[in-house]
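Notes follow the structure.
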Amino acid sequence: MGGESDELGTRLKAYEGRPAASTGVGKDPVNAAMIRHWCEATGDTHPAYAGPDAVAPPTMLQAWTMGGLSGHESRTGAYDELLGLLDASGCTSVVATDCEQEYLRPLRPGDEVTFDTVVESVSGRKTTKLGTGYFVTTRTEVRVAGEPVGTHRFRILKYAPAPRTPAPKDTEPRRSPGTRPRPVVNRDNAGFWEGVAGHRLLIQRCTGCATLRHPWLPGCNACGCPDWDTVEASGEGTVYSYVVMHHPPFPAFDPPYAVGLVELAEGVRMVSDVVGVPYDKVRIGMPVRLAFRSYDDVTLPVFEGVER
Ligand code: ZN
């Protein structure tokens, strides 16, 4: 390891033990509404989390310390400084790698949490598949009325992205940066893309209960039957919803442009380009008609707006 990287490593190490948040106060006491939302979102129906004697799911530990959109006043400058140093060194990308929690006692509605966070450790310089950088671990001690109730460790990798490796020779040829991303074709959806290549939009139909489905799936959500055939879409549809993309820019696309959720006459919906009308003329309920457009070597279904 060269002297230059050691120098950065040494400067980063100096942040170990420094506070990242001090005397933080949970924005809300532990409460039944957040517990219910969490359980609904995660599909956790454990009886311990409902009813008059409910406790909070232990994994919610971090939730009670989060600042939300408006952030926390308890945050110190040390953690931002540390991340700033990493940014300045070229480690501008970040990925959360893991989290570890320890639970000392269950949290109950009404508990008011306080917390302190320290920069626990900064690794030496590491090279991963993503790129070269440093793992930064913070440790948050959570308390209620001064008594420790749990510990939350959170680790990120701040790294300089590795250069893209060229595709091996025997796969598809390398494309210029402005070409469309390829569709991901797999065993479950290959029939759909074969249809598209022949300018047919095929909708899967369950042979058990005749329910139509899109996108393609290995089985029926309505009855569980794995058998299916297809029906060809008439090509008529309406814009069920849409967004106008402005950002982020991507070389294959020329913003602003409209992306529609199109409801086909058959009843299923699919996401696709709405073309042939200015992006700011696309409207919910607008009739659209299927078309196929070729971009380099890929054919994609799009929908042309039918102006009235
Ligand atoms: Zn079915």
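Remember, it's 1-based here, ligands and their atoms both numbered in the order they're listed. What you see below is based on every heavy atom in this structure, not just the backbone, and it leaves out hydrogens, waters and symmetry mates.
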Cation-pi check, R155 onto F135 ring (under 6.0 Å, within 45° of axis):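 R155 over F135 ring: no.
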Basic-acidic side-chain contact under 4.0 Å: E232, R200: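 R200 and E232: salt-bridged.
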Common cluster, V275/V244, ILVMFWY with side-chain heavy-atom separation under 4.5 Å: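 As far as the 4.5 Å side-chain criterion goes, V244 and V275 are connected within one cluster.
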Shared hydrophobic cluster for L217 and W193 (ILVMFWY, side-chain gaps under 4.5 Å): no
W64 versus A56, closest heavy-atom pair with distance: CZ2-CB, 3.9 Å
Heavy-atom pair of closest approach, residues E16 and S121: OE2-CA, 3.4 Å
Under 2.8 Å from the Zn ion (ligand 1), the protein N, O or S atoms, given as residue and atom: C206 SG, C209 SG, C220 SG, C223 SG
